[in-house]
Amino acid sequence: MDIGILDVVVKIAACVCGKDGVISQIEEKAILEKVTSAYPEYTIQKFNKAIDIFFNETLQIEDYLEHVSGTDLNNFTIDVCEFSASADGLDIKENIALHKVKLILGEEL
Amino acid sequence: MSRFADASPDPKSHIKTLMRIGYTMPSAVSDILDNSITANAKNIEIYSLPGLQESNISIVDDGDGMSPDELIHNMKIGCKDPGDERNRGDLGRFGSGMKTASFSQARKLTVISKKEGKPICAAVWDIDRIENENTWCLEILDEDEIKSHPLLLLGNKKEYGTQVIWEKLSCLNKTNHSLDDETIMASNLSDLGDYISLHFHKFMDGKNKINFTINDSQLQGIDPFMTRSPGYQEGRSEKLRCKGGYIEINTHVLPHFKRMEANPLERLGGANGIVQNQGLYIYRENRLINAGGWLGLAKTSQLGALARVEVNVPSSLDQEWATDVKKSSLQLPPRIKKELRKFLSDPIKRSKRVYTYRGKQDQANKYWNIQENENDKIISYQISAENDFLIDIFRVIPKEQKSQLIKYLGQLAENLPLNHIYQKMSESPRDIEQENVTDALLEAIMSRVFEEEINE
């Protein structure tokens, strides 16, 4: 897999977790953990850079989701989002962004 | 077809609005200090010397200073776009602070500055002149005028830096029955010292510390969390990633009042101040913006008096946090409120625990407990409620007699002849013999009961 696409996955997870412009440490750790456990070549430096860029961009979640295609990547993206969004105990059922990810990437609700 | 008319504000009226933006004297001086810190000053001196015919305030720093062009640009009101991104450590925001803060306290603002490799320069805003001429006319002083300025400190004491001078002070607020200028100013300076010591305390410590002085007297930082006091408790902390860095949340529980040393307690406003100032301490780039209060997230209570939540916010979040021109208030974004709520219960709970702490309990033997309360510095000897024999008695006796027995045991503990024990234990401890006291007690009770039965 192109490692660059993982930046997009990280940004989608950041959109899901980063409501109102902040991501908790637990959520941040969860995103990194999930991505690096599947792709150990994805370094923390790459992750930090992707998050910094994310905060400076004005793109919407749909813009990032456009770049994700293929069943494996779709499932992986949903997995990362779900894992990180529930990491700090927030009610993921209320998470509209997560619903959107699932809907667009094709998981049945 | 529509047309446009010039509706720019009338300088005479506009300046009056700017004068009433709501600064207090300490918050206005703090806005000037923000600029000095941003300009990398290591020494910031505030002077308001007594004995002058007209009181004035001078704030002089050894920061980077300004060139003549930079000075004129910075003397404009709103010289910076609040939407622009600021560097880390830049305490400015609206490009209006120095002017509006100064106009709120004085009718004449002079700024003298010297930057390395540039000539000394000075500019003056005089409200009387603005009102008389109804124009934004900034006076630029030439070198001779600067050097002969009676309040000039910059050239003499510091090679580079900036001096802000407030004259024609309106902050003295004189009425018919008010005290003289010097008395009012002395009181204002005392309040100012406390305010700076608290709001800039993070700059007064560590490797890059800045020296703050008022009339050559050095200010000492006030740590609102008493982190170096015995009994201080550090709680949970969390970092939230955001645009431009991290929001850091740390929780603290102060030691109990009785364990606080007199000086720090007094500097934090005494016991009343400790109760009133419980809550959130929000720092923007290390400068305290909000000192206490729960901002609607929790209720102020006596038991929560020792709870403090420190929130460090980077200036990149000013827009989201709705920082005002004075940088003395802000609004919490909804997500931050949600995150903060998770942190409030822990320090409040621990504050309650410290408050209601009854002290540690040691079992002297099966019958007696020793209770030591470090907060109240009290030691007491209590009858053990865990004694199996006593529990058995309570199981078999009727309810009325249970309360009688509790009362008796309470009296027994209260009336322990401690002084006598202490005296005899120190004088002749070997003479004390407790082993056969139970037989003597039994004998005494039996004979008393027997006597009563005969009388009946």
Side-chain angles (χ1 to χ4, degrees), chain A residues 6-7 9-36 42-61 63-64 80-81 83-98, chain B residues 81-88 90 93 234-251 280 282-285 289-290 295-297 309-323 330-346:
Chain A
L6 292 176
D7 285 348
V9 176
V10 165
K11 288 176 188 177
I12 293 169
C15 279
V16 170
C17 298
K19 299 173 294 294
D20 300 316
V22 289
I23 303 170
S24 76
Q25 215 171 7
I26 304 167
E27 289 167 336
E28 201 183 330
K29 212 172 136 195
I31 302 171
L32 181 67
E33 192 187 307
K34 202 73 185 168
V35 175
T36 52
Y42 193 75
T43 60
I44 188 162
Q45 287 79 9
K46 284 189 176 120
F47 172 78
N48 280 332
K49 200 174 162 193
I51 294 284
D52 284 339
I53 294 170
F54 163 76
F55 278 120
N56 287 317
E57 287 172 340
T58 51
L59 301 175
Q60 298 296 309
I61 194 164
D63 301 319
Y64 295 119
V80 174
C81 291
F83 182 69
S84 52
S86 56
D88 67 353
L90 292 178
D91 188 355
I92 57 167
K93 283 180 189 162
E94 290 172 12
N95 195 319
I96 295 163
L98 182 62
Chain B
D81 183 345
D84 285 351
E85 216 158 283
R86 297 277 187 147
N87 293 332
R88 283 308 305 262
D90 186 344
R93 171 52 49 194
E234 189 176 356
R236 279 176 67 192
S237 60
E238 161 91 68
K239 271 174 145 186
L240 302 170
R241 188 113 179 207
C242 63
K243 189 182 178 183
Y246 284 94
I247 297 167
E248 288 177 27
I249 303 169
N250 303 309
T251 55
L280 299 168
I282 302 172
Y283 293 83
R284 175 180 174 269
E285 300 290 351
I289 300 286
N290 181 77
L295 303 181
L297 296 178
V309 178
E310 174 191 0
V311 186
N312 294 291
V313 189
S315 58
S316 54
L317 292 184
D318 280 353
Q319 213 137 14
E320 288 84 347
W321 289 64
T323 313
L330 34 76
Q331 281 170 15
L332 299 176
R335 170 76 193 267
I336 299 296
K337 277 191 183 175
K338 202 168 182 177
E339 290 291 334
L340 277 175
R341 273 202 186 99
K342 290 196 271 179
F343 285 86
L344 304 187
S345 59
D346 176 57

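No hydrogens, no waters, no symmetry mates; every other heavy atom, side chains included, goes into these values. Below, chain A is the first sequence line, B the second, and so on; all start at residue 1. Keep in mind that what you see is a predicted model, and the values were worked out from it rather than measured.
- Between the side chain of B:Arg241 and the backbone N or O of A:Asn48, at least one donor-acceptor pair lies under 3.5 Å.
- Within a 6.0 Å sphere centred on CD of A:Glu57, heavy atoms belonging to other residues, nucleotides or ligands number more than 12.
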Exercise. List the steps and the verdict of side chain to side chain contact (heavy atoms under 4.5 Å, CB included) for B:Ile249 and A:Gln25.
Key: CA-CA 11 Å; B:Ile249 303 169; A:Gln25 215 171 7; over 6 Å; no
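- In terms of heavy atoms, A:Val22 sits closest to B:Cys242 at CG1-CB, 3.7 Å.
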